[in-house]
Each structure stands twice: as C-alpha cells, then as structure tokens.
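Since we're looking at a predicted model, the values are computed, not measured.
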Amino acid sequence: MTIDQKPKTAQPEPGEARRGWAGPGVGAAVGLLVVAVALAFGQLVADFVSGDAAPVIAVGQVVVDRSPEWLKSFAIRTFGAHDKPVLVGGIVIVLIVLAAVMGVIATRHRWVGFAAISVLGALGMFAALSRAESDAAWALPSLAAVAVGCIAYSVLSRAAASAYAEPAAGPSPSSSTDDDDAAAATDSGALVATESPSGLARRRFLIAAGVTALGAAFAAGIARAARSRLLAGSVSRATVTIPPPASPAPTLPPAAAIHVPGVSPFYTPVDSFYRVDTSLFPPQIAASQWHLRIHGMVDREIVLSYDELLRRPLIERDVTLACVSNPVGGHYIGNARWVGTLLAPLLQEAGVHPEAQQLLSRSPDGMTIGTPTAVVMDGRDAMLAVSMNGEPLPVEHGFPVRTVVPGLYGYVSATKWVVDMELTTFAAYDAYWVQQGWAQQGPIRTQSRIDVPRNGSHVSAGTVPVAGIAWAQHTGIAGVQVRVDGGPWHQARLSQLDTLDTWRQWVYDWEATAGKHQVQVRATDDSGYTQTAREAPPFPSGATGWHTVDVSVG
C-alpha cells in the first residue's frame, strides 16, 4: 500500500445487521392483522364447541361475573339492554390497542409477538374453562386462536422484516473508496448497491397481509353462517306451536288503556321489553333438548320435558314484570301476556317439604335465583311460561321456558332459560344477586311514573295531559295523585283495572300556565299504602321516592 492509499472500510453484506422494521405503522398493521385472524378462527371453532367458549365472549363473561355490584348497577343504569354489546365492544377496542402496541414493540423484539399471542390465548382459555358449565373442549377455541395467530405472525413478521428492515448504520459507499475507485465506478456505469428494500419484497409483504386479511374475513363469515345454523334455540323456536290455554286470560277491558300520545302502551312490545341479565349472549336450547329437574327437599324428584310441559294445563295471564335496578321513573318494567303452566301444582306433585323455604332456580349460564316457596304456593299465577304476547318465548327472554311470578322483582323470581329447581332453605344457599348484596326477598314496591310530558320538555300553555303508569303487582293500584310546584295533590283518572298483577295507566288534565314548573306523582295501592317521598336508590331492595319532571310552559 503506497503512502497515498487509504484503507478500505469493510461493507456490510446484503441482509446483514438489520435494526428492525422501518416505522411503527408496519408493526401496528401486523399486530392488528394477527389478532383479527386469530379471533376469527377462534370464533369459528367456538361455534362447533360452544359460543360461550369464544375467547372474547369467555373473557367478557368473566368480567361480568367478577365485576363488583356497583359496576354492574352502573352498567345497567347507564347502558340498559345495551350493556353487553358495550362490554364486548370495549374488549375489542382494548384488543385493538394491545395488538397495535404489540406489533410496534415486536418490530425490535420479535419474540414479544409470540409471547403476547400466547398470553392472550391463555387468558381466553382460562376464562372459558372457569365457567361452571364448561368442559375440556372449551379450551379448543383459544388454542386454535393461538396456533393461527402464531403462524400468521411468523409469516407476516418475516415478510415485514424482509421488506421494511432498516440497514445497519455504516460509512457511506463514497467514504470507503478512493477517488480512483469512484472514478472507475463512474466510468463503468456501475450503480452503488444499497440496503433499501426491493419492490418485490414489499409486494410479497402486501400479498401476505392481504391473504391474512382475507383469511380473517373468510373465517369470520363462515363462523357467522355456522352460528346461524347452530343457534339451537332460534331454530327450535321457529318450529314450536303453543297449544291453546285451558284457562284463557279474561278479556281486556276496553278502558284498560288510556290513549295519550307518549304513554307506554298497555302491552309492551317484545322488542321494547326490558332485558337485564348477566349472559353476554342468550343460551341456545332446543325445545327437544330441554328438561326441567325439580329436586331437593321434596318427596319425589321430577324431570319434565318440553312436550310434557305443553301437555299440562296451560294458563294465559297478563303480568307486569319489573327489575329491582329500576330507578324512580325508570324504564326497567314491562307488561306482557304470558302463557304457561302453574308452578304450584307441579311442586305439589313433587311433595315439597314444609321446611323448604326457597325455590332455587338455575339456568345453563350459571345464574341462580331464589324465590320464596310460600309466594309460589299462595295461589297467585306463578308459572313456567312458554309464550309471550302470543308467540313462543323469544330466545332473549328465556326460550324454551322461564319463570314468571307476579309481585316479586325479577332478581328473585324471573329465571330465564330455567332448567333446574331445587327446594332448599335460605340459610343453605344465597342465590346470585343475594351474593352481590341485594336483599334476600324482593317484593315489588308501589311505584308510579310520568311518561308525558317528559323531563325538560316544553309545552304550550293551556290544558296539558300529564300521564303515565303506576304499579303494585299482586296488590293493585287504588289511586294516583299529581301535584305541581309543591302545591296540593290532585286525583288523576285511572284506566280500568285489568288484573292486580298488571300496571295501570293514569292521566291528569293540568291547566298549565307560562313559566317553569315541577310536576310530581305518587300512587296509593289497594292496601292503603302511599308512596313515600323518601328517596332511596335501587340497591339493595328497590328504589323509593316520587317521580319528578321539570317542564317549561310558554
């Protein structure tokens, strides 16, 4: 080497010393695609095992089961019947964020991707297997999700690294050659090699990403189609015919409904009927597979099939149901016409022991509800219902069979998808909501609600109908009173009585004057009890207070 020669710096070989995928966007995209295809295949496998075993559903159900009572009440109060979709949507959003973060971190540390997929799969599997009704097969959806996710991640991460990896830092080609070398290269027309990804490599990554996205969409579509065919309850319900009741409901009095615009209709449409339960998706039970077991403190155990139940004498009755979570003026209440068989004769056949205080009902989703045995046996129309408003029970409301017990809040009486009844004592077992701190026995409190005018509304001066509903199931409503701005109480006009087990509509013609006003309502039941002004929240035994609305008149 002559004195004016410079030592040449070694150049990295092609593909050597790559530092990571260029940019977080590629990593986030990989993470999202991997999670999407993993969940899609997990759902597909779950459709052939149990819908509740799907990773997202299993985790969501554990969240519902393990949430404190105040959080459940907040969700019911805030989102109503939409609380379950909101929860599932929240879980999906969290997964999207985690997937994107996982993908970004994994651009530098590839093992993080495999670890994250495995941890998420383990959580899904643990959640599925923790359900009381689960078996070993419930682990399969999460295992399938992990397997597909790892394969997809392996392919996509390698393709992304090949297409978007950054070259190792080093001296530029021009700094490692002398002037003579540069001139020679220029004279020969040679191009200096670089480490930038080729168009071919990027196309390969985009093809891999597209195939993954299509795979996720295809698996999700097949899962959706399979689920529609495997929804045993929905399919079975379409084939069920309810026999005419041996004891039809009395003819509805013509004046049982007050036709004031905005007032709740006398019969609540099924699609508007409130729904409060802990099941993310309703259990799907075919009528042919349904059986009810009655056991415990009885002389003889009874197992009843759906066909056997339909062969028993059926009754048809109007009954208003209400949820204990209903705040003053709330909408967790509905009135329907039910068909079913009376519970009391069935329990008498079983030979209930005198000391059996509680009828503990169970559904396949793990829910337990404890009903006072004395209430079921006291002559009221407590029933195993099979029809609602002239049709077989909707799946969301308990198909094939649910319990309906007039006069009690739903948390101690209305067991949807009921499959088991155990006669026991209150000391022996606390049902689900009692374990959450709610009262052991839940007789419905006398209540009333203003439907029109609505709170915060503006009306014209003159005669304004103030109208709504009042209820005191199995006791009956004797009167409703309305007052304005804390003045004297005025009697409202009641609708004609249907039965003691249904709500009554009412209306008061208010001569409204200009200004801002406060309107209140209270009801008196047939026992002589008048609603208290004392305000109390729903927890632990039902809300109290007078429903109040503020109205502007002008």
Do other residues, nucleotides or ligands put more than 12 heavy atoms under 6.0 Å from Gln496 CD? yes

Apply ring pair (Phe, Tyr, Trp, His ring centres under 6.0 Å) to Trp510 and list each qualifying residue two or more places apart in sequence or on a separate chain. His517

Residues which pass ring pair (Phe, Tyr, Trp, His ring centres under 6.0 Å) with His474, listed by chain and number, not counting sequence neighbours: none

Qualifying residues under salt bridge (Lys or Arg N to Asp or Glu O under 4.0 Å), relative to [X], sequence neighbours excluded:
{"X": "Asp451", "result": "Arg449"}
{"X": "Asp365", "result": "none"}
{"X": "Arg237", "result": "Glu391"}
{"X": "Arg317", "result": "Asp381"}

Pairs satisfying salt bridge (Lys or Arg N to Asp or Glu O under 4.0 Å), at least one member in residues 518-534, at least two apart: none

Which residue pairs pass the salt bridge (Lys or Arg N to Asp or Glu O under 4.0 Å) test with at least one member in residues 399-411, sequence neighbours excluded? none

Applied to residues 404-414, the side chain to side chain donor-acceptor pair (under 3.5 Å) test, sequence neighbours excluded, yields none

If the condition is side chain to side chain contact (heavy atoms under 4.5 Å, CB included), which residues does Val386 pass it with, not counting sequence neighbours? Ile242, Tyr306, Leu309, Leu310, Val339, Val401

Residues forming a side chain to side chain contact (heavy atoms under 4.5 Å, CB included) with Ala36, sequence neighbours excluded: Ala216

Going by the ring pair (Phe, Tyr, Trp, His ring centres under 6.0 Å) test, which pairs reach into residues 231-257, not counting sequence neighbours? none

